[in-house]
Amino acid sequence: MNESNSPDLPAIDFIRSIIREDLESGKHQSLVTRFPPEPNGHLHIGHAKSIQLNFGTAEEFKGICFMRFDDTNPLKEEEEYVEGILEDVKWMGYEWKERLTYASDYFEKLYEFAEELIKKGKAYVESQSAEEIRRTRGTLTEPGINSPYRDRRFEESLTLFRQMRAGKFDDGDHVLRAKIDMTSPNINMRDPVLYRIRKVIHQRTGKKWCIYPLYDFTHGLSDAIEGVTHSLCTLEFEDHRPLYEWILAEVTAPCIPRQIEFSRLNLHYSVLSKRKLIKLVEDGYVSGWDDPRMLTLSGLRRRGYPPSAIRLFCERIGISKSENNIEMSVLENCAREILDKSSPRLMCVLKPLKVVITNYPEDKTENFHPAKHPKKPEMGTRKVPFSREIYIEYEDFREDPPPNYFRFAPGKEVRLRYAYVIRCDKVIYDSTGRVSELHCTYDPKTRSGAKTEGRKVKGIIHWVSAKNFIQVEVRLYDRLFAKPIPGSDDPEGNFLNDINHNSIDILSECKLEPEIMTSANKEVFQFERIGYFFKDPKDSLEDAMVFNRTVTLRDTWAKLEQEQH
RNA sequence: UGGGGCGUAGCCAAGUGGUAAGGCAACGGGUUUUGAUCCCGUGAUUCGCAGGUUCGAUCCCUGCCGCCCCAGCCA
């Protein structure tokens with residue numbers, strides 16, 4: 001049990017406190033939770049918070065967690081999403097073993113519970129139209145009024161309900177309602193609908209059913225059937241808790257789970273509601289659910305986020321009941337933290353500027369053997385070829401350097417990382433006046449690792465041999481939205497107005513160290529001085545690799561320079 | 001102006017009667033052949049506001065203010 005948290009994590013949250021108490025007091029022998037997504041979309045980082053809570057606490061307290069699909073609405077749900085969701089949960093590092101369930105597994109039991117309710121006079125078949133039901137429900141400030149069918153004999157309701165099941169009626173003809181209180185200040189308690197007729201094929205039960213239970217009726221009972229002890233959900237279900245409890249109390253439930261609500265995740269510069277995510281996909285603002293700019297688990301995975309970074313993020317933000325808007329830097333920093341420790345280093349020149357080292361022999365090539373990781377010699381070394389012509393980063397050279405700039409400039413010296421110190425002798429321009437090439441001289445005494453290297457040079461830049469490199473495409477991503485809370489200053493709340501139209505920058509002339517050819521595909525690399533990059537699993541071809549930038553390195557200089565302006 | 005929640009530093013988040021943990025960000029310094037990493041240091045006389053109870057209140061009481069959710073045969 002996680003008694004004491006590690007020092008850099010928030011203290012144990014209120015839900016874990018409740019669980020711990022319930023276990024210590026003997027109220028429960030062991031913990032049972034569940035992660036209950038509806039298969040009508042892909043999982044996003046907000047779901048990761050729930051996965052981490054449900055599966056994570058089960059793990060910590062040596063309990064179990066069910067992987068349950070809440071598939072009670074055949075109109076909206078698709079089998080395709082089930083697979084994606086399972087893949088995502090697995091990727092997050094959790095396993096459900098034999099505990100993969102579907103609410104639809106319980107349709108028969110649920111039906112029996114419904115009959116029980118009818119027989120006890122706690123539910124009735126409603127024969128008004130949806131419109132009439134809506135009209136008589138009342139408003140936030142006015143009570144609703146009783147349905148004329150509310151007091152029909154339970155035998156009649158039972159017959160009708162059985163006929164509903166048998167397919168005697170059309171969609172919308174009747175509905176099953178709980179008999180609670182039409183004057184309740186809580187609208188959820190005003191005789192909520194429990195079952196509706198839907199003559200459609202269900203992705204799992206096929207044509208077996210034409211009546212389907214609604215969420216409120218299904219969820220608590222599914223929890224009870226599975227022996228869930230703590231049913232954790234988001235805040236918008238707080239108002240439903242009285243109904244959740246009512247249903248469990250009125251029926252002979254196998255056990256009484258406790259529903260506890262926590263606040264959902266919001267991240268600055270992003271949207272996380274399923275509705276909005278679908279909009280982005282369907283209207284083509286992104287290439288799909290797994291677009292690396294999407295904060296879906298599949299998008300993050302494709303972008304190069306390790307699951308451990310997402311788990312760290314979930315731990316770091318904590319669990320509470322207050323509205324929260326997490327800064328993007330928290331997520332990014334989690335990725336940096338994990339990736340810095342694990343990523344092999346490579347040099348890659350994104351925007352190449354050719355450099356000719358005039359005093360280096362034309363036909364000579366020498367190899368340097370730097371470590372793959374500066375602090376982990378056990379990761380080994382790589383072979384980096386050096387030659388007379390190399391590429392450096394265009395942005396590492398300034399004709400007219402600003403103060404405190406310690407990269408390359410005319411007449412200045414800089415160290416080529418792992419190689420030599422060079423001096424810029426001459427700048428060559430193209431016909432448009434743009435810098436196209438640099439002529440430099442190197443100092444053989446400054447060879448990396450040599451005893452004579454002595455000289456300290458402040459500026460260190462990365463480079464790639466022009467004779468020996470792999471040409472790759474690199475995709476630089478930025479946040480998908482330009483405002484911290486998309487749609488917040490629009491009266492209609494239209495988040496599409498705040499789309500960042502520069503969220504992707506594709507560079508196709510990037511020069512990468514040949515070492516890449518010896519490395520595995522599934523690794524995230526650090527391109528030194530730039531950031532972390534992951535080979536795109538979808539768009540990469542054997543001879544045309546594509547790399548996604550997972551996250552930049554922290555860039556103190558960029559910040560400094562921006563402040564100077 | 002019905003009901004349910006929430007309000008502690010820029011962003012998260014503990015604490016719930018004894019005098020404000022921690023993380024991220026920010027800032028300052030050190031190390032460094034990544035302006036990265038790493039290390040060290042700096043922040044709330046104050047807990048939405050106003051009263052009250054108390055020797056003492058972020059924590060209890062009263063009133064007020066602000067924000068979020070609910071009127072699907074969605075989940």
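Chain letters run A, B, ... following the sequence lines, proteins first and then strands; every chain starts at 1.
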K.L.:
Taking atom types as modelled, is there a side-chain donor on S147(A) or E126(A) under 3.5 Å from an acceptor on the other?
P.N.:
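Yes - a donor-acceptor pair under 3.5 Å links their side chains.
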
K.L.:
Is Y405(A) touching bases, backbone alone, or none of the nucleic acid, heavy atoms closer than 4.0 Å?
P.N.:
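Base contact.
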
K.L.:
Just checking E238(A): base, sugar-phosphate only, or nothing, at a heavy-atom cut-off of under 4.0 Å?
P.N.:
sugar-phosphate

K.L.:
With distance as the sole criterion, do the side chain of D239(A) and the base of G3(B) form a donor-acceptor contact below 3.5 Å?
P.N.:
yes

K.L.:
Applying the salt bridge (charged side-chain N to carboxylate O under 4.0 Å, His left out) criterion to E528(A), which one of R345(A), K372(A), R382(A) satisfies it?
P.N.:
R382(A)

K.L.:
Expressed in angstrom and rounded to an integer, what is the separation of N266(A) atom CG from C24(B) atom P?
P.N.:
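About 22 Å, once rounded to whole Å.
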
K.L.:
After noting the C-alpha distance and the side-chain angles of E132(A) and S129(A), does the key distance pass the side chain to side chain donor-acceptor pair (under 3.5 Å) rule?
P.N.:
CA-CA 5 Å; E132(A) 284 166 318; S129(A) 68; 3.3 Å; yes

K.L.:
Just name whichever nucleotide pairs with C6(B), Watson-Crick or G-U, keeping both distances under 3.5 Å, else none.
P.N.:
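Per the H-bond distance test, G66(B).
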
K.L.:
Taking only the C1' atom of each, what is the distance from A14(B) to A21(B) in whole angstrom?
P.N.:
6 Å

K.L.:
Can you check side chain to side chain donor-acceptor pair (under 3.5 Å) on D478(A) and Y269(A), steps first, answer last?
P.N.:
CA-CA 10 Å; D478(A) 197 357; Y269(A) 299 100; over 6 Å; no

K.L.:
Applying a 3.5 Å limit to both distances, which nucleotide forms a Watson-Crick or G-U wobble pair with C60(B)?
P.N.:
G52(B)

K.L.:
Just checking K321(A): base, sugar-phosphate only, or nothing, at a heavy-atom cut-off of under 4.0 Å?
P.N.:
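Sugar-phosphate only.
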
K.L.:
With heavy atoms under 4.0 Å as the rule, sort K375(A) into base, sugar-phosphate or nothing.
P.N.:
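Counting heavy atoms under 4.0 Å across all strands, the contact made by K375(A) includes a base.
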
K.L.:
Whole angstroms only, please: what is the CG-C1' distance between L553(A) and C38(B)?
P.N.:
13 Å

K.L.:
Please pick, from A71(B), G23(B), G72(B), the nucleotide with the shortest atom-to-atom distance to any side-chain atom of R134(A).
P.N.:
G72(B)

K.L.:
Rounding to a whole Å, what distance do you find between F262(A):CZ and A13(B):P?
P.N.:
12 Å

K.L.:
Please report the distance separating the P of A36(B) from the corresponding atom of A25(B), rounded so that it comes out in whole Å.
P.N.:
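Straight-line distance between the two P atoms is 13 Å.
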
K.L.:
For U46(B), give its Watson-Crick or G-U wobble partner with both distances under 3.5 Å, or none.
P.N.:
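In the structure as shown, U46(B) has no Watson-Crick or wobble partner.
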
K.L.:
Is R177(A) touching bases, backbone alone, or none of the nucleic acid, heavy atoms closer than 4.0 Å?
P.N.:
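If one applies the 4.0 Å heavy-atom cut-off, R177(A) turns out to touch nothing in the nucleic acid.
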
K.L.:
Ion pair present between E515(A) and K383(A), side-chain N to carboxylate O less than 4.0 angstrom?
P.N.:
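So E515(A) does not pair with K383(A) through a salt bridge.
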
K.L.:
With a non-hydrogen cut-off below 4.0 angstrom, is E126(A) in contact with a base, only sugar-phosphate, or nothing?
P.N.:
nothing

K.L.:
Applying the side chain to side chain donor-acceptor pair (under 3.5 Å) test to S231(A), which of R34(A), R258(A), Q259(A) qualifies?
P.N.:
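Looking at R34(A), R258(A), Q259(A), the match for S231(A) under the side chain to side chain donor-acceptor pair (under 3.5 Å) is R34(A).
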
K.L.:
Would you mind telling me which of G3(B), C11(B), A75(B) lies closest to the side-chain atoms of H268(A)?
P.N.:
C11(B)

K.L.:
Answer yes or no: does a side-chain N or O of R137(A) lie under 4.0 Å from OP1 or OP2 of C73(B)?
P.N.:
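So the side-chain polar atoms of R137(A) do come within 4.0 Å of the phosphate oxygens OP1 or OP2 of C73(B), strictly under.
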
K.L.:
Can you see if the side chain of K559(A) gets near the phosphate of C27(B) - specifically, an N or O under 4.0 Å from OP1 or OP2?
P.N.:
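The answer is yes; a side-chain N or O of K559(A) sits under 4.0 Å from OP1 or OP2.
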
K.L.:
Just checking R417(A): base, sugar-phosphate only, or nothing, at a heavy-atom cut-off of under 4.0 Å?
P.N.:
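Contact class for R417(A): base.
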
K.L.:
Could you check whether E131(A) gets within reach of a base, just the sugar-phosphate, or nothing at all, counting any heavy atom under 4.0 Å?
P.N.:
nothing

K.L.:
Classify the nucleic acid contact of L214(A) as base, sugar-phosphate or nothing, counting any heavy atom under 4.0 Å across all strands shown.
P.N.:
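Touches sugar-phosphate only.
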
K.L.:
Nearest to the side chain of I317(A), heavy atoms from C-beta on, is which of C12(B), C74(B), A26(B)?
P.N.:
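Within the option list, the nearest is C12(B).
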
K.L.:
Under 4.0 angstrom, heavy atoms only, what part of the nucleic acid is H219(A) near: base, sugar-phosphate, or nothing?
P.N.:
nothing

K.L.:
Please work out if R345(A) contacts a base, only the sugar-phosphate, or nothing of the nucleic acid, heavy-atom cut-off 4.0 Å.
P.N.:
base

K.L.:
Check whether the ring centres of H174(A) and F161(A) lie less than 6.0 Å apart, and answer yes or no.
P.N.:
no

K.L.:
Please state whether the phosphate of A25(B), meaning OP1 or OP2, lies under 4.0 angstrom from any side-chain nitrogen or oxygen of R336(A).
P.N.:
no

K.L.:
What is the distance, to the nearest angstrom, from the CD atom on E315(A) to the P atom on G23(B)?
P.N.:
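Rounded to the whole Å, the gap is 15 Å.
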
K.L.:
Can the ring centres of F533(A) and F525(A) be said to be less than 6.0 Å apart?
P.N.:
no

K.L.:
Which nucleotide sits closest to the side chain of V193(A): G2(B), C11(B), C73(B)?
P.N.:
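Out of G2(B), C11(B), C73(B), the nucleotide with an atom closest to V193(A)'s side chain is C73(B).
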
K.L.:
Taking donor-acceptor contacts at under 3.5 Å, does the side chain of E142(A) reach the base of G2(B)?
P.N.:
no

K.L.:
Determine the contact category for I319(A): base if any of its heavy atoms lies under 4.0 Å from a base atom, sugar-phosphate if only primed atoms, P, OP1 or OP2 are that close, otherwise nothing.
P.N.:
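Sugar-phosphate, backbone atoms only, no base.
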
K.L.:
Nearest whole Å is fine: how far is C69(B) P from E236(A) CD?
P.N.:
10 Å

K.L.:
How would you label the contact of P37(A) with the nucleic acid (heavy atoms, under 4.0 Å): base, sugar-phosphate, or nothing?
P.N.:
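If one applies the 4.0 Å heavy-atom cut-off, P37(A) turns out to touch nothing in the nucleic acid.
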
K.L.:
Within the pair R196(A) and C74(B), is there a side-chain N or O less than 4.0 Å away from OP1 or OP2?
P.N.:
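Yes, because at least one side-chain N or O of R196(A) sits under 4.0 Å from OP1 or OP2 of C74(B).
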
K.L.:
Would you please confirm or rule out a distance under 4.0 Å between OP1 or OP2 of A36(B) and any side-chain N or O of T556(A)?
P.N.:
yes

K.L.:
At less than 4.0 Å, is any side-chain N or O atom of N333(A) found next to OP1 or OP2 of A25(B)? Yes or no.
P.N.:
yes

K.L.:
Whole Å only: how far is the CD1 atom of I12(A) from the C1' atom of A14(B)?
P.N.:
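To the nearest whole Å, that distance equals 12 Å.
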
K.L.:
By nearest atom, which of the nucleotides U33(B), C24(B), A71(B) is closest to the K456(A) side chain?
P.N.:
U33(B)

K.L.:
Sticking with atom P, work out how far G41(B) lies from C24(B), rounded to a whole angstrom.
P.N.:
14 Å

K.L.:
Going by purine N1 to pyrimidine N3 plus the second Watson-Crick contact, or the G-U wobble pair, all under 3.5 Å, which nucleotide sits opposite G41(B)?
P.N.:
C27(B)

K.L.:
Got a second to check how far S448(A)'s OG is from R415(A)'s CZ, nearest 0.5 Å?
P.N.:
4.5 Å

K.L.:
Could you check how far OH of Y195(A) sits from P of C73(B), rounded to whole Å?
P.N.:
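After rounding, the reported distance stands at 16 Å.
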
K.L.:
Side chain of R415(A), base of U33(B): donor and acceptor closer than 3.5 Å?
P.N.:
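Flag set: donor-acceptor pair detected.
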
K.L.:
Let me know the distance between CD of E337(A) and P of A25(B), rounded to the nearest Å.
P.N.:
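So the CD-P distance, E337(A) to A25(B), works out to 9 Å.
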
K.L.:
Students often get this wrong, so: under 4.0 angstrom with heavy atoms, is F237(A) touching a base, only sugar-phosphate, or nothing?
P.N.:
base

K.L.:
If the cut-off is 4.0 Å, is T72(A) near the phosphate of A75(B), judged by side-chain N/O to OP1 or OP2?
P.N.:
yes

K.L.:
Rounded to whole angstrom, note down the C1' distance from U62(B) over to U53(B).
P.N.:
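Roughly 11 Å separates the two C1' atoms.
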
K.L.:
At under 4.0 Å, does any side-chain N or O of S329(A) touch on OP1 or OP2 of C24(B)?
P.N.:
no

